[in-house]
Amino acid sequence: MSDWKKLEQLYEGKAKKVFATEDPEVVIVDYKDDATAFNGKKKGTIRGKGVINNRMSNYIMKQLEIEGVPTHLVEELSDRETAVKKVSIVPLEVIIRNVAAGSFLKRMGVAEGTDLLCSILEFSYKCDELDDPFINDDYALALGLATQDELNIIKTYTHKVNEVLQKFFLSIGIRLIDFKIEFGRLSNGSIILADEISPDTCRLWDIKTNEKLDKDRFRRDLGGTEEAYQEVMKRIFGE
Ligand code: TMP
Ligand code: ASP
């Protein structure tokens with residue numbers, strides 16, 4: 001066991017707090033039960049979410065490390081707290097869509113659940129004031145959000161994450177519809193997977209019934225949000 005000590009709070013986001021440690025290269029994230037949608041316009045609480053997202057995200061990141069995707073994970077410290085490598089976040093939301101859902105429906109005029117002929121990788125510019133606008137590679141390069149080499153690495157890792165996650169979720173009876181991930185730069189400039197992978201950041205549908213087991217239940221007031229998160233947890237950890 002380690003003895004990471006939580007020092008001053010560096011940042012509070014919508015779903016997590018971040019604390020300094022005695023090691024300048026390591027921070028502690030503390031997952032909250034707070035939930036927001038529509039860029040913070042809708043606010044609520046999903047009881048137990050912080051614990052589920054922390055444990056699930058760490059479990060998945062461990063698998064991704066084995067599969068060759070470097071991640072920020074250092075050590076899970078408690079149900080809600082994890083020591084992670086300190087990064088500066090690349091201001092891109094990197095999204096993969098395997099099946100049509102969410103913002104894609106309006107943009108492209110297709111029905112929810114339409115199978116896509118190939119996976120789509122898309123970028124949004126991570127900027128709350130602008131509501132995270134959809135951008136392409138040229139926007140990212142022209143605005144200096146990332147270099148071409150970084151975009152190439154990010155895309156390679158993201159397709160690998162999709163491959164690993166699709167297989168993993170299928171093994172627990174879940175279809176991975178889409179997901180969002182974020183990357184960070186270490187002080188030496190190398191790119192690693194950061195943030196979280198959880199029902200907040202993935203669309204997860206039951207393979208048999210298509211029941212939604214993710215944050216769309218909260219976004220769309222479908223009810224049963226806590227139960228859906230618990231169900232994903234149960235399928236992963238058998239609890
Ligand atoms: P979208 O269909 O609303 O663009 O969302 C695509 C994926 O990204 C979906 O799995 C939900 C996730 N997502 C986030 O993690 N954070 C966000 O702020 C948004 C808008 C979506
Ligand atoms: N990130 C969004 C928000 O800030 C939530 C979401 O739709 O996932 O409100």
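From a predicted model like this one, the values you see are computed outputs, not experimental measurements. For ligands, and for the atoms within them, numbers begin at 1 and follow the listed sequence.
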Looking at K234 and E227, is any side-chain nitrogen of the basic one under 4.0 Å from a carboxylate oxygen of the acidic one? no
Under 4.0 Å between heavy atoms, the region of R219 that gets near ligand 2 turns out to be side chain
Would you verify whether the NZ or CZ of K49 falls within 45 degrees of the ring axis of Y31 while also being under 6.0 Å from that six-membered ring's centre? no
Within the 4.0 Å heavy-atom shell around K14, which atoms of ligand 2 are there? 3 (C), 4 (O)
Is the centre of the Y59 ring less than 6.0 Å from the centre of the F168 ring? yes
Please list the nearest protein heavy atom to atom 3 (C) of ligand 2 with its residue and the distance rounded to 0.1 Å. T36 OG1, 3.3 Å
So, do Y139 and F123 have ring centers that fall under 6.0 Å from each other? no
Can you confirm if the NZ or CZ of R203 lies within 45° of the ring axis of F179 and under 6.0 Å from the centre of its six-membered ring? no
Proximal atoms of ligand 1 relative to G102 (non-hydrogen, under 4.0 Å): 2 (O)
Distance filter under 4.0 Å to G40 heavy atoms, resulting ligand 2 atoms: 3 (C), 4 (O), 9 (O)
Shared hydrophobic cluster, V164 / F183 (ILVMFWY, side-chain heavy atoms < 4.5 Å): yes
Shortest heavy-atom approach to atom 16 (N) of ligand 1 - which of K14, K126, K180, K215: K180
Hey, any chance I207 and L204 share a hydrophobic cluster, counting ILVMFWY side chains that come within less than 4.5 Å of each other, even indirectly? no
K86 and D23: salt bridge (Lys or Arg N to Asp or Glu O under 4.0 Å), yes or no, with the steps? CA-CA 9 Å; K86 186 173 186 177; D23 183 338; over 6 Å; no
For R219, is the nearest heavy atom under 4.0 Å from an atom of ligand 1? yes
Can you name the atoms of ligand 1, numbered from 1 with element, that are less than 4.0 Å from a heavy atom of C202? 10 (O)
Could you tell me the residue and atom name of the protein heavy atom closest to atom 17 (C) of ligand 1, and the distance to it rounded to 0.1 Å? E93 OE1, 4.0 Å
Atom 14 (C) of ligand 1 protein-contacted, heavy-atom criterion under 4.0 angstrom: yes
Nitrogen or oxygen atoms of R203 and ligand 1 under 3.5 Å apart: yes
With a 4.0 Å cut-off on heavy atoms, does R97 reach ligand 1? yes
Where is the nearest protein heavy atom to atom 6 (C) of ligand 2: which residue, which atom, and how far? K215 NZ, 3.3 Å
Check against salt bridge (Lys or Arg N to Asp or Glu O under 4.0 Å), R47 and E226: CA-CA 6 Å; R47 227 172 345 109; E226 281 152 21; 2.9 Å; yes
Give the residue and atom name of whichever protein heavy atom lies nearest to atom 1 (P) of ligand 1, and the separation in Å to one decimal. S103 OG, 3.3 Å
Numbering the atoms of ligand 1 from 1, which are under 4.0 Å from a heavy atom of D178? 7 (C), 9 (C), 10 (O)
Those atoms of ligand 2 less than 4.0 Å from some heavy atom in N39: 3 (C), 4 (O), 9 (O)
Which of the ligand 1 atoms, numbered from 1, are nearer than 4.0 Å to a heavy atom of D200: 15 (O)
Are K212 and D206 close enough, and set up right, to give a salt bridge (Lys or Arg N to Asp or Glu O under 4.0 Å), and what steps lead you there? CA-CA 7 Å; K212 294 178 181 16; D206 180 81; over 6 Å; no
One residue to check: K41. Relative to ligand 2, which of side chain, backbone, both or neither has a non-hydrogen atom less than 4.0 Å away? neither
Salt bridge present between R80 and D33 (N-O < 4.0 angstrom): yes
